[in-house]
Asks: 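Next up is a structure, given as structure tokens.
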Amino acid sequence: MKTLGQETRLRARSVRPAVLSEAAIADATDPHAADPNPRTTFRVLIVDLNNFTSFPTLAIGLLSAALRNRGHSVDMISPLSFGVPAVVRERRETLLDHVLRRVHLSDWAPVLGLRDRLRRLRRGRSARPHPSVLRTTVAALEHAGHRRPDVVLLSAYLQHHRIVRAIAGLAQARGIPVLLGGPMFNLTDVAQAWRDVPGLTAIVGAEADRDVPGIVETLCRGGDLLAHAGVVLPDGRRSVPAAPLRNLDDTPVPDFADFPWDRYPVRIVPVMTGRGCQWDKCLFCSDVISASGRTFRTRSVENVLSELREQARRHGTSNFLFLDLKLNSWPGMIRGIARGLERHVPGAQWVGTVHVDGRADNGLSRADLDAAVAGGMRRISFGLESGSQRLLDAMRKGSTVEGNSRFIRDAHAAGLSIRCTMFKGFPGETAEDMDRTAEFLAEHAPFLDRVRFNDFSLQTGTPIWRAMQEKSDGALSIVARHDREAHATYRQREVRSRAYRAAKGRALGVVYAINSRPLRNAARQFDGLM
């Protein structure tokens with residue numbers, strides 16, 4: 001429960017731009033700015049490495065709230081605040097986008113080497129540390145007196161290795177410890193590949209929503225970090241694995257006060273109602289093996305609605321993005337939001353991702369979709385993956401071509417903007433499978449607003465990866481393993497036929513036709529977010 005002082009602070013900072021202004025940095029040299037009780041409170045610098053979104057980073061908000069609720073001081077660096085433009089995930093496409101996708105997804109043997117080099121170049125460019133972030137980090141680390149941080153926290157995705165290495169080195173040179181965490185660091189091979197980054201004090205592979213204050217306190221007081229679950233030290237020692245977080249209603253309301261709200265094109269609050277996925281069987285899925293994706297757990301509808309009301313009050317917005325792997329894992333959640341959100345946040349609009357599975361009640365009937373639209377839902381995303389039932393079964397997707405078709409038509413008729421994700425190259429995919437995918441896309445093109453069509457990504461630790469380790473005569477040949485990014489480079493053992501490439505070309509042509517259209521008017525404020 002917040003004290004009166006905390007509540008006043010939240011109101012005062014509800015829509016304030018990010019911290020580390022010139023005034024704040026100047027105040028760092030004030031000798032009277034010392035903590036009243038330095039033995040029990042610590043100064044924490046959190047560097048947000050996520051510039052792939054134009055809304056606040058949920059993990060950072062949770063860490064900030066947990067630390068401040070314990071009385072610790074938090075400064076936060078957000079890339080957008082210091083000149084780093086947000087990367088738009090999806091937008092209305094041009095012919096150039098179509099051409100680049102054709103190259104990226106090419107299966108024609110003579111160009112595979114060029115394709116792979118272009119992919120590496122693209123990954124390398126996106127992974128470069130931005131100079132503005134590094135300059136701002138240096139300024140924060142060099143605060144004089146008691147404004148100097150006691151510890152740096154980095155919440156990273158696996159593509160952030162170069163900037164993590166740079167920031168950890170900057171902190172090490174100034175004698176400041178660094179804790180690294182993120183959704184995939186609970187995987188042994190991943191943590192092992194990252195633990196030798198110079199300057200890292202420890203890696204935390206756990207849901208630290210409630211535990212991060214204790215971890216910070218143990219570190220700053222010179223205690224044993226291995227007393228906390230999910231910790232890996234640079235020398236390879238590790239504590240017991242962290243169990244999935246339970247009692248999610250006890251997690252703090254995320255604190256987004258430090259994010260640059262004045263720079264977002266639309267004020268959108270990210271929310272997560274639960275962790276994991278009730279299906280949990282798709283062979284290719286890496287989300288369900290991450291620290292937060294293991295096993296399905298949910299908050300109560302009342303707890304979620306209370307958070308939405310509070311965030312709307314703090315930040316002056318009624319737009320919400322649900323980041324759940326599947327918002328309908330428990331059908332009562334998507335129905336509860338649809339029924340109750342308008343009472344808590346008048347005029348609320350929201351988007352989310354669902355799983356169109358084969359349950360008798362999956363919360364996605366036509367009546368459910370109509371109710372969701374009436375309750376403010378504007379856009380819905382789901383994993384279509386393929387138009388071939390044989391391939392969906394091979395993936396253990398738990399969905400049917402017929403069910404996907406019915407959902408798309410029902411969602412469109414209800415008034416929703418529909419986005420789907422797909423990929424080609426799943427082991428065993430044939431020209432006939434791709435032909436059926438092309439036919440499905442062509443038939444449903446009038447109802448779809450965006451299609452994200454990717455290459456199959458072979459993620460280490462997934463069920464399909466484990467199955468491949470048990471047999472050496474599969475459809476894929478491993479070229480290289482990249483534990484630092486938790487994936488492997490592969491080649492299809494069988495050369496793709498002309499029929500397969502022609503069917504893929506038809507499918508990509510439909511994808512471009514869909515993605516080059518504008519979104520439905522009601523969902524345009526959410527374009528590029530999911």
Asks: Can you name the closest pair of heavy atoms from Ser329 and Phe296 and give their distance?
Replies: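 The answer is CB-CE1, 3.3 Å.
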Asks: Output the distance between atom CZ (Arg484) and atom CH2 (Trp194), rounded to the nearest 0.5 Å.
Replies: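 Atom-to-atom, Arg484:CZ and Trp194:CH2 are 7.0 Å apart.
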Asks: Donor-acceptor pair, distance only, cut-off 3.5 Å: does the side chain of Thr353 make one with the backbone of Leu325?
Replies: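 Looks like no, no N/O pair under 3.5 Å.
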Asks: Please list, chain by chain and in numerical order, all residues satisfying side-chain contact (heavy atoms from CB on, under 4.5 Å) with Ala229, sequence neighbours excluded.
Replies: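 Scan of Ala229 (side-chain contact (heavy atoms from CB on, under 4.5 Å), adjacent residues dropped) gives Val240, Ala242.
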Asks: Nearest 0.5 Å, please: how far is CZ in Arg267 from CG in Asp262?
Replies: 7.5 Å
Asks: Is Asp527 paired with Arg92 through a side-chain N to carboxylate O contact shorter than 4.0 Å?
Replies: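 Judged by the 4.0 Å cut-off on N to carboxylate O distance, Arg92 and Asp527 do not form a salt bridge.
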Asks: For the residue pair Val373 and Arg378, establish whether any side-chain heavy-atom pair is separated by less than 4.5 Å.
Replies: yes
Asks: Between Leu63 and Ala208, what is the shortest heavy-atom contact and its length?
Replies: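 Looks like CD2-O, 4.3 Å.
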Asks: Could you tell me if Ser286 and Thr462 have a donor-acceptor pair between their side chains, going purely by distance under 3.5 Å?
Replies: no
Asks: What I want to check is whether the side chains of Ser405 and His444 have a donor and an acceptor closer together than 3.5 Å.
Replies: yes
Asks: Once rounded to the nearest 0.5 Å, what's the spacing between atom CG of Asp324 and atom CG of Asp287?
Replies: 11.5 Å
Asks: Would Gln459 and Ser457 count as having a side-chain donor-acceptor pair, cut-off 3.5 Å?
Replies: yes
Asks: Nearest 0.5 Å, please: how far is CG in Leu305 from CE in Met333?
Replies: 8.0 Å
Asks: Quick one, Ile268 with Thr317, criterion side chain to side chain contact (heavy atoms under 4.5 Å, CB included). Give me CA distance, side-chain angles, the key distance, then yes/no.
Replies: CA-CA 7 Å; Ile268 296 174; Thr317 186; 5.8 Å; no
Asks: Answer yes or no: is there a side-chain heavy-atom contact under 4.5 Å between His487 and Leu458?
Replies: no
Asks: State whether the number of non-hydrogen atoms from other residues, nucleotides or ligands found under 6.0 Å of Arg396 atom CZ is greater than 12.
Replies: no
Asks: Give the intermediate values and the outcome of side chain to side chain contact (heavy atoms under 4.5 Å, CB included) for residues Ile408 and Phe382.
Replies: CA-CA 10 Å; Ile408 290 172; Phe382 80 108; 3.8 Å; yes
Asks: Regarding Thr57 and Asp48, is there a side-chain donor-to-acceptor distance under 3.5 Å anywhere?
Replies: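 Yes, Asp48 and Thr57 have a side-chain donor paired with an acceptor closer than 3.5 Å.
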Asks: For Lys281 and Asp357, what are the C-alpha separation, side-chain angles and deciding distance, and is it a salt bridge (charged side-chain N to carboxylate O under 4.0 Å, His left out)?
Replies: CA-CA 11 Å; Lys281 295 179 183 178; Asp357 56 71; over 6 Å; no
Asks: Which atom names give the shortest non-hydrogen contact between Gly71 and Thr41, and what distance separates them?
Replies: O-CG2, 3.5 Å
Asks: Are Arg409 and Glu443 within salt-bridge range, i.e. N to O under 4.0 Å?
Replies: yes
Asks: Do Phe322 and Ile334 touch side chain to side chain, with heavy atoms closer than 4.5 Å?
Replies: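 Counting from C-beta outward, Phe322 and Ile334 never come under 4.5 Å.
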Asks: Under a 4.5 Å cut-off applied to non-hydrogen side-chain atoms, are Leu225 and Thr201 in contact?
Replies: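 Yes. Closest side-chain heavy atoms under 4.5 Å.
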Asks: Between Asp97 and Arg101 (salt bridge meaning N to carboxylate O under 4.0 Å), is one present in this structure?
Replies: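 So Asp97 does not pair with Arg101 through a salt bridge.
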Asks: Taking the side chain as every heavy atom from C-beta outward, state whether Phe55 and Phe256 have any atom pair closer than 4.5 Å.
Replies: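 SC-SC contact between Phe55 and Phe256 ruled out.
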Asks: Can you measure from OG1 (Thr273) to CD (Glu307) and round to the nearest 0.5 angstrom?
Replies: 10.0 Å
Asks: Any side-chain heavy atom of Phe526 sitting closer than 4.5 Å to one from Leu321?
Replies: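 Heavy-atom side-chain distance check fails, nothing below 4.5 Å.
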Asks: Which pair of heavy atoms, one from Arg524 and one from Pro518, lies closest together, and at what distance?
Replies: NH2-CB, 3.3 Å
Asks: Go through Thr460 and Asp189 one step at a time and tell me if the side chain to side chain contact (heavy atoms under 4.5 Å, CB included) criterion holds.
Replies: CA-CA 9 Å; Thr460 58; Asp189 291 338; 5.8 Å; no
Asks: Between Ile418 and Arg379, is a side chain to side chain contact (heavy atoms under 4.5 Å, CB included) present by the stated rule, with each step listed?
Replies: CA-CA 6 Å; Ile418 307 168; Arg379 197 171 191 208; over 6 Å; no
Asks: How are the rings of Phe456 and Phe423 set relative to one another: parallel (under 30°), tilted (30 to 60°) or perpendicular (over 60°)?
Replies: tilted
Asks: Between Arg520 and His412 (side chain of the first, backbone of the second, donor and acceptor by atom type, cut-off under 3.5 Å), is there such a pair?
Replies: yes
Asks: Is there a donor in the side chain of His161 and an acceptor in the side chain of Glu485, or the other way round, less than 3.5 Å apart?
Replies: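 Glu485 and His161 do not have a side-chain donor-acceptor pair below 3.5 Å.
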Asks: Tell me, do Trp350 and Leu308 make a side-chain contact under 4.5 Å, heavy atoms counted?
Replies: no
Asks: Is a side-chain donor or acceptor of Asp150 paired with a backbone partner of Arg43 at a separation under 3.5 angstrom?
Replies: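 At least one qualifying donor-acceptor pair exists.
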Asks: In terms of side-chain heavy atoms, does Thr421 have a donor or acceptor partner in Arg452 at a distance below 3.5 Å?
Replies: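 Looking only at side-chain atoms, Arg452 and Thr421 do not form any donor-acceptor pair under 3.5 Å.
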Asks: Rounded at 0.5 Å granularity, tell me how far CG in Leu248 sits from OG1 in Thr298.
Replies: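 One finds 7.5 Å between CG of Leu248 and OG1 of Thr298.
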Asks: Is it the case that the side chain of Glu93 and the backbone of Arg517 share a donor-acceptor pair, with hydrogens and angles ignored and the cut-off at 3.5 Å?
Replies: no
Asks: Determine whether Phe453 and Val510 make a side-chain contact, defined as any pair of heavy atoms from C-beta on separated by less than 4.5 Å.
Replies: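 No, every pair of side-chain atoms sits at 4.5 Å or beyond.
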Asks: Looking only at heavy atoms, which two atoms of Asp361 and Pro331 are closest? And how far apart?
Replies: O-CG, 3.6 Å
Asks: With the threshold set at 4.0 Å, does a side-chain nitrogen-carboxylate oxygen contact exist between Arg335 and Asp368?
Replies: yes
Asks: How close do Val204 and Phe185 get, heavy atom to heavy atom, and via which atoms?
Replies: O-CB, 4.2 Å
